[in-house]
Amino acid sequence: MSLFSSHFKLISNDLFHVFKTLPSFKSYVNLLGKSSRVKKNTPLYTNTGNVHYLYCKESKNKGLTENFTNGKKQQLEENRNGSENVLKKFQEQVKSLSCMMKCNETTASALLLKFPFLETANMDIINSKVITLLESGIDKEELMNDMWILKYSLTKLKERIQLVQQMNCYPIKPWHLRCSEAVFQRLSQNKENNRLALSPFQSVKDYICKRLHLNESQVHSFAKRHPPVMRVKVAKLKEVIDFLYSEGFTSQQIFNTPRILCHSLKTIQERLNILKINNYRPYTLFILCKSKSKFDEFLRNMKPSEN
């Protein structure tokens with residue numbers, strides 16, 4: 001490895017370490033070697049004179065002419081001018097994004113590094129997209145975690161927003177607007193199935209209350225013991241509850257094990273069939289909710305007693 005290359009590598013590693021550990025805005029903009037465009041088009045340097053000295057020293061060792069080293073010096077100067085222009089553009093983009101997203105410049109810098117297309121994007125166009133998305137109800141934090149959505153045209157975004165709103169699919173997520181047509185159609189079908197399953201009930205809470213014959217305080221206790229159950233789609237709740245009732249389980253048994261409603265119907269059916277083959281009728285639904293390893297262990301411990 002050449003002398004210049006070795007020094008270059010040390011400088012790059014040191015700067016990258018500082019970039020990761022210092023949170024201030026100056027740290028971000030002074031170390032734009034992390035930026036994809038700067039990293040790709042211009043060499044990272046700290047002191048042109050020192051780099052030129054390294055070139056001169058290496059050229060003498062190799063017997064190269066002074067014209068060669070002067071040419072390298074000129075090239076470094078040109079690269080530095082280019083880097084300064086890129087730095088200025090980056091700073092402008094940071095300020096625009098910071099104002100647009102109502103966040104500090106450190107956060108805006110991190111966003112530009114995470115989503116490189118923003119470095120060269122027209123911020124006026126980006127701003128119009130952001131306003132449209134936020135007005136549609138998309139959470140700002142979720143948008144900042146998935147800014148790839150801003151690569152799509154404003155027309156396409158408005159079309160998707162209108163379709164999602166017609167589906168009454170709230171809250172709207174960024175992925176709802178950028179997913180493929182096949183995924184979007186599946187989302188639409190699931191939403192329709194969920195709507196049909198919920199009717200004539202007004203909410204998941206109301207549905208569980210009626211199907212399990214619970215009062216308001218019991219539903220509150222049911223949800224508190226296993227909160228994810230209240231986020232399950234009604235279409236899935238209906239499938240599982242209908243199946244459990246058909247197998248002779250009671251609403252009290254379901255009430256005692258809320259997590260059963262979060263498991264897939266296929267898993268419940270398979271496990272219940274295995275227990276039937278082993279002539280075992282579970283007194284609670286808890287055994288159907290165990291992890292695979294725990295369920296297999298239960299089967300191993302159960303077999304010796306049958307012999």
Side-chain angles (χ1 to χ4, degrees), residues 142 146 164 167-171 173 175-176 179-307:
E142 292 192 1
D146 188 7
V164 173
M167 291 163 50
N168 196 29
C169 187
Y170 294 100
K173 305 290 185 180
W175 72 266
H176 290 164
C179 63
S180 66
E181 287 296 329
V183 173
F184 187 79
Q185 290 301 321
R186 191 157 60 246
L187 172 68
S188 176
Q189 186 60 52
N190 289 340
K191 189 66 181 178
E192 178 63 17
N193 293 341
N194 199 56
R195 186 188 67 79
L196 294 174
L198 185 60
S199 179
F201 307 106
Q202 300 300 314
S203 65
V204 172
K205 180 180 177 180
D206 187 36
Y207 181 84
I208 291 177
C209 181
K210 301 298 183 183
R211 290 300 313 269
L212 301 184
H213 314 296
L214 306 176
N215 57 41
E216 188 172 341
S217 63
Q218 287 175 318
V219 172
H220 179 73
S221 173
F222 186 77
K224 187 176 180 179
R225 282 186 286 128
H226 193 65
V229 74
M230 304 306 291
R231 298 193 293 269
V232 178
K233 295 177 181 178
V234 175
K236 179 181 177 180
L237 291 176
K238 183 179 186 304
E239 284 182 344
V240 175
I241 293 175
D242 287 348
F243 174 75
L244 293 175
Y245 278 162
S246 70
E247 290 293 322
F249 293 100
T250 66
S251 60
Q252 183 63 45
Q253 288 174 306
I254 299 175
F255 174 77
N256 292 338
T257 314
R259 69 175 60 237
I260 190 66
L261 299 182
C262 294
H263 283 255
S264 73
L265 178 61
K266 181 179 178 182
T267 299
I268 295 172
Q269 290 173 329
E270 289 176 349
R271 290 186 172 185
L272 198 56
N273 287 335
I274 292 174
L275 293 176
K276 285 180 179 180
I277 292 173
N278 287 276
N279 298 316
Y280 182 86
R281 167 73 180 185
Y283 294 99
T284 72
L285 295 170
F286 179 72
I287 183 60
L288 302 179
C289 301
K290 286 181 175 289
S291 65
K292 186 179 185 306
S293 60
K294 292 291 184 180
F295 183 76
D296 291 342
E297 182 182 356
F298 175 83
L299 292 178
R300 288 193 300 268
N301 294 335
M302 180 182 66
K303 289 182 179 180
S305 63
E306 296 177 345
N307 296 331

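For this chain, numbers begin at 1 and follow the sequence in order.
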Do the side chains of [X] and [Y] get close enough for a salt bridge, i.e. N-O under 4.0 angstrom?
X: D296; Y: R300; value: no
X: K276; Y: E247; value: yes
X: D206; Y: R211; value: no

Are the side chain of [X] and the backbone of [Y] linked by a donor-acceptor contact shorter than 3.5 Å?
X: D146; Y: E142; value: no
X: Q218; Y: N215; value: yes
X: Q253; Y: T250; value: yes
X: S264; Y: T267; value: yes

### Query
More than 12 heavy atoms of other residues, nucleotides or ligands under 6.0 Å from CZ of F286: is that the case?
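No, CZ of F286 has 12 or fewer neighbouring heavy atoms, counting only those of other groups under 6.0 Å.
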### Side-chain donor-acceptor contact under 3.5 Å, N256 with Q252
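Side-chain D/A pair, N256 to Q252: present.
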Taking all non-hydrogen atoms of both residues into account, name the closest pair between [X] and [Y] and its distance.
X: A223; Y: M230; answer: CB-CG, 3.4 Å
X: L288; Y: I268; answer: CD1-CG2, 4.1 Å
X: C262; Y: P228; answer: SG-C, 4.0 Å

Spacing of [X] atom [atom1] and [Y] atom [atom2] [to the nearest 0.5 Å]:
X: I208; Y: S251; atom1: CD1; atom2: OG; answer: 13.0 Å
X: S291; Y: E297; atom1: OG; atom2: CD; answer: 8.5 Å
X: L285; Y: K290; atom1: CG; atom2: NZ; answer: 13.0 Å
X: L187; Y: K173; atom1: CG; atom2: NZ; answer: 12.0 Å
X: L214; Y: K205; atom1: CG; atom2: NZ; answer: 11.5 Å
X: H220; Y: C209; atom1: NE2; atom2: SG; answer: 13.5 Å

### Task
Assign the ring pair F298 / Y280 to parallel, tilted or perpendicular, where the plane angle (0 to 90°) is split at 30° and 60°.
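Geometry flag for Y280 against F298: perpendicular rings.
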### Message
Would R259 pass as a cation-pi partner of F222, given that its NZ or CZ must be under 6.0 Å from the six-membered ring centre and within 45 degrees of the axis?
### Response
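Not flagged: R259 not positioned over aromatic ring of F222.
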Evaluate the side-chain proximity of [Y] to [X]: yes if any heavy-atom separation is below 4.5 Å, no if none is.
X: P282; Y: F249; answer: yes
X: C289; Y: H263; answer: yes
X: Y207; Y: V219; answer: no
X: V229; Y: L261; answer: yes

### Task
Evaluate side chain to side chain contact (heavy atoms under 4.5 Å, CB included) for L275 paired with L299, printing each intermediate quantity in order.
CA-CA 8 Å; L275 293 176; L299 292 178; 4.0 Å; yes
